[in-house]
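Comments concern the structure below.
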Amino acid sequence: MLILIVEDERKIASFIKKGLEAEGYTVDVAFDGEEGLRVAQINDYDLILLDIMLPKLDGVTLCGHLREEGKETPILMLTARDAISERVLGLDNGADDYLTKPFAFDELLARVRALLRRGGPKVPPKLQVADLILDSSTQEVRRGERPIQLTSLEYRLLTYLMHNTGRVLNRALIEEHVWGSSFDSFTNTVDVYISKLRKKIDQEANKKLIHTVRGIGYVLKE
Ligand code: CA
């Protein structure tokens, strides 16, 4: 289960992240509304914990944007005490539930579990570009009839590329999403992994799917 926390108070964000990770969830954190919206658009989260008062873009607006775009990810709003108008506004803009700060972690956990149950077991999406198929329910990758064995990092990299089919991704963006943080920009880790992936995906195929965009990065497309 993949959870996104959008919270600018780093202590609170880190406290929630640690607690949820201890329960076995995978957790991403965004510290402002714009970053939160961006990662929520890119990734398929099972749940978003969304603070309302955020720099750059407030939580209510962020929630409204996601719903307008058809994202149905359950959203749990974190609101300041007694801010009833905030809660109403949040629920009006598509939030599923809210929790008033400060809260006990157990209460948060109970809400999280309830929302994840309500979301139900989603049918994991099968991603396909040309004859390249990635089945996230079995983690199987095929090019036509040919099965492709990937390491977990290569699999994450391919998933990210396929989620963004047709979009040119620069190295920093790829680093951030596949490795979770950006590392020394003088290293060529992204290029190394792209090259490994290419060998497995494209080498024996007629049609190349991973393309280099000179001076920028990479794009996966037909
Ligand atoms: Ca805040």
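In each ligand, atom 1 is the first atom listed, and ligand 1 is the first ligand listed.
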- request: Can you sort out the partners of Phe15 under ring pair (Phe, Tyr, Trp, His ring centres under 6.0 Å), two or more places apart, ordered by chain and number?
  value: Phe105
Verdict with supporting geometry, Asn164 and Leu220, side-chain contact (heavy atoms from CB on, under 4.5 Å): CA-CA 8 Å; Asn164 291 281; Leu220 187 140; over 6 Å; no
- prompt: With side chains defined as the heavy atoms from C-beta onward, is the minimum distance between Tyr45 and Ile3 less than 4.5 Å?
  reply: no
message: Is there a side-chain contact between Glu34 and Leu62 in this structure, where contact means two heavy atoms from C-beta onward sitting under 4.5 Å apart?
response: no
- prompt: How many N, O or S atoms of the protein are nearer than 3.0 Å to the Ca ion (ligand 1)?
  reply: 3
- prompt: Does any non-hydrogen side-chain atom of Leu109 lie less than 4.5 Å from one of Leu20?
  reply: yes
- prompt: Hey, are the side chains of Leu132 and Met162 touching, using non-hydrogen atoms and a 4.5 Å cut-off?
  reply: yes
